[in-house]
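Reviewing the structure listed below.
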Amino acid sequence: MQRESMPKAVIITGAPRSGTTLVCSLLNRLPDAVALNETMDVAALSSMSGNAVRVAAVAQYLADVRRAIVERAEKPERRLRGEGDNMFLPAAGGERRWAGAQMVFVPVGKPLRPDFTLALKHPNAFAALLPELRQRFDCWAVVRNPLAVLASWHSLDHPIRQGHAPMAEGLDRVLAQQLAAVENGGTRRLALLDWYFRRFLEVLGPQRILRYEDIIASNGACLAGLAPQARQLPKLLDAPLEDRNDNALYGTAEDALLDAEALLSTPNHACWRLYDHADVATLRDALHSKNASPVAPTLHEPSVHVEASVSQDPPALHQPPNSPQLAPSPKPPASGAYQPKLGFMIVGAQKCGTTALAEYLREHPQIDMPLEEGHVFDAPDFSPDWSPQEIDERYATRFEHCRQPAILGELTPIYSFFPEVAAALKRYNPDLKLIVLLRDRVARAISHYYMQKSRGKENAPLWLALLAQPFRVRRCSDPRSWQSPQRISSYRSRGLYSRQLSNLYRHFPRRQVHIIHNSELLTNHQIVLRQVFAFLGVAEDAMMRPLVAFPRPHGAGGPLVIREDGGTKPAPSLPNDPSKRRHPVVSWLLHLSYLREEQRAKALQFN
């Protein structure tokens, strides 16, 4: 694979909260340079088959953006709902919570030569793909005083606070396995930080690593290796850049001090190849001084310095090192406000392993779910005028056998399929977290067919049932009826994931929607479960009875859930179930029918 030549394409990565957003801001001040701050939806990369395909997707995205800039003089921009460029806002408890963002196209605002430099920044995703990206693009990494990075991680309501980077872990299975094997949050933070530094050094070498402190000291001139015109930056800036390393604490100096001692006691940590012990010790002493002050100053990180690398991942809560990870205390409702009982839902898709996931989640001591599907928001008599209290009353009988967990959820896979349900869920609980499982579309459709056939609700052969679906649906006057074709025979349309997820994203921010590909649930379910636990904000290392799904031998039926006591119970169909009959011709035709859907999915950056 040849590296991109002219026009120049630059990839920027870095340890989260190291200053990559600052680098983008500085580059955008330069002539003939455009830097994109996490405008590509990299969540879709994890569903692609192999890093070569993922890198090709990055290249295509850069080509499409360059074309838009050249032809329309417009560039994509993440328009934040926070303070300026700050992707995190202060929240209760002192942490900073993701503020939310939307993608818009804005004028470039300056003339550009045809060979202008186009840079794209994504810290976590590009760190995971760095070996392959380096073969094709000019790649640079940004690092920062390791203690400043750790202190900043403590300030976020995000899994990075517990030493998890879901985006990077989703693209690097080895990293995910290594972090999953570490139980202590403090130790895991150091391991993750070591991974960033080691990866940058091994793939790029010190000459392509930019230190935040050098950027500040040179007023950006040290970016000249990335873009030669950066030598002009000291003259372009209105004021000298200011070092904000000791402003990354947001009141968490005590936690940072614990990390400092652990880091200084780890002589083989990769950060020591770029920083001296004195750098960390000096900052540690400054933090100790702040922590000893009777009144901690209010610290504000300038918007240009706030890193967005972890913005697309689900939130988690911090616990001090060496302490058990606990679920967050429920947020007290405003005076007179009703607090909905349900905190999360598994909303789809049918025949994708949703029941298996629910079975796993019920084993967690801080999670509970009714044993049966809820079917409240899709019921024929559901009214959009129902209040949250009235909705919870509908759920009351299903909650009777539930514990009083930190978070209560329910499972109804058809919720993602009925488009009007998303708005109703939003009205019920704007903070609701949604879990969606996806599966190969063809396998899902065939599995759906055999489920209805086994229930006696389908008598036609597979090929005829698929052909008849649109006619059956067209004749239906009440889609919500319990026996409607939309419920029973929507074999192909349930696999139109792009429509369903686009509808969810219109009502909920992406940080509240967690997508799981069910092949991962079968082959890497421990990692998947830890990611789900982090998304829900409960302990990742809670004591649970092992529940492991193993497919039965060919022809012996569906997979089993194997319990610690040796007992077994049938589990719902999981990916590649060998008991399903093969239909090569129908499968091929189904695959062809999904080609446009796959294109729509790629446009939405998931598959």
Side-chain angles (χ1 to χ4, degrees), residues 47 49 347-356 373 375 378 412-421 436-504 515 517-519 522 551 554-555 557-559 572-604 606-607:
S47 66
S49 56
V347 296
Q350 189 183 50
K351 305 306 295 178
C352 290
T354 54
T355 308
E373 295 181 3
H375 289 292
D378 66 312
T412 305
I414 203 171
Y415 283 172
S416 64
F417 182 62
F418 281 167
E420 68 276 11
V421 169
V436 182
L437 286 94
L438 305 180
R439 181 182 183 181
D440 175 84
R441 296 173 179 86
V442 174
R444 197 223 66 82
I446 295 175
S447 180
H448 183 179
Y449 166 81
Y450 276 106
M451 178 186 72
Q452 300 297 14
K453 191 174 180 67
S454 68
R455 293 176 174 176
K457 296 182 178 181
E458 180 61 76
N459 297 316
L462 176 61
W463 66 269
L464 183 57
L466 291 169
L467 287 176
Q469 177 194 313
F471 302 101
R472 291 170 169 176
V473 170
R474 194 174 299 129
R475 292 200 303 266
C476 177
S477 59
D478 183 10
R480 282 181 172 256
S481 167
W482 293 120
Q483 302 302 319
S484 72
Q486 280 88 339
R487 291 184 185 272
I488 295 173
S489 54
S490 50
Y491 306 122
R492 180 182 175 276
S493 53
R494 297 266 190 134
L496 301 176
Y497 302 141
S498 64
R499 297 180 182 177
Q500 299 171 47
L501 289 172
S502 296
N503 182 57
L504 292 178
I515 298 175
H517 289 267
N518 73 344
S519 59
L522 180 61
H554 180 67
S573 177
L574 280 172
N576 305 317
D577 184 352
S579 69
K580 296 303 178 191
R581 301 181 188 179
R582 290 181 170 85
H583 297 267
V585 176
V586 174
S587 296
W588 180 73
L589 292 172
L590 258 179
H591 174 72
L592 290 179
S593 77
Y594 279 127
L595 289 179
R596 289 188 62 189
E597 158 63 14
E598 291 175 357
Q599 292 174 352
R600 288 192 294 265
K602 289 180 180 178
L604 289 171
F606 64 84
N607 209 333

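Counting begins at 1 with the first residue of the sequence.
The two residues R444 and S490 have their closest heavy-atom pair at NH2-O, 3.8 Å. Across all their heavy atoms, R487 and R480 have their closest contact at NH2-O, 3.1 Å. Across all non-hydrogen atoms, the minimal contact from S498 to E597 is OG-OE1, 2.6 Å. Here the shortest heavy-atom pairing between G495 and Q500 reads N-NE2, 4.4 Å. Residue Y594 comes nearest to L496 through the heavy atom pair CE2-CD2, 4.0 Å, listed as atom of the first residue, atom of the second, then distance. Closest non-hydrogen pair, F418 versus P479, comes out as CZ-O, 3.6 Å.
In this structure a side-chain-to-backbone donor-acceptor pair under 3.5 Å is missing from N518 to R439. In terms of modelled atom types and a separation under 3.5 Å, the side chain of S416 and the main chain of A349 share no donor-acceptor contact. A donor-acceptor pair under 3.5 Å is absent between the side-chain atoms of S447 and the main chain of A443, judged by distance alone.
Residues L589 and L466 have side chains not in contact (no heavy-atom distance under 4.5 Å, counting atoms from C-beta outward). Q452 places none of its side-chain heavy atoms less than 4.5 Å from the side chain of S489. Counting heavy atoms from C-beta outward, H583 and W463 have side chains that stay 4.5 Å or more apart. Counting only heavy atoms from C-beta outward, the side chains of R494 and K351 never approach each other to under 4.5 Å. Side-chain contact check for H591 versus R441: every heavy-atom pair is 4.5 Å or farther apart. Using a 4.5 Å heavy-atom cutoff, the side chains of L438 and L501 are in contact. Annotation: side chain of C476 is not in contact with side chain of V473 (no heavy-atom distance under 4.5 Å).
Expressed to the nearest 0.5 Å, how far CG of L590 lies from CG of L462 amounts to 7.0 Å. Rounding to the nearest 0.5 angstrom, the gap separating the CG atom in L592 from the OG atom in S587 is 11.0 Å. The NE2 atom of H517 sits 15.0 Å away from atom CG of L522, with the distance rounded to the nearest 0.5 Å. Taken to the nearest 0.5 Å, the CZ atom of R499 stands 5.0 Å off from the CZ atom of R600. Interatomic distance, Y497 OH to S47 OG, rounded to the nearest 0.5 Å: 11.5 Å.
Residues Y491 and E458 have side chains that bring a donor and an acceptor to within less than 3.5 angstrom of each other. Residues Q469 and R492 have side chains that never bring a donor and an acceptor to within less than 3.5 angstrom of each other.
When the shell of 6.0 Å around CH2 of W482 is examined, it contains more than 12 heavy atoms from other residues, nucleotides or ligands.
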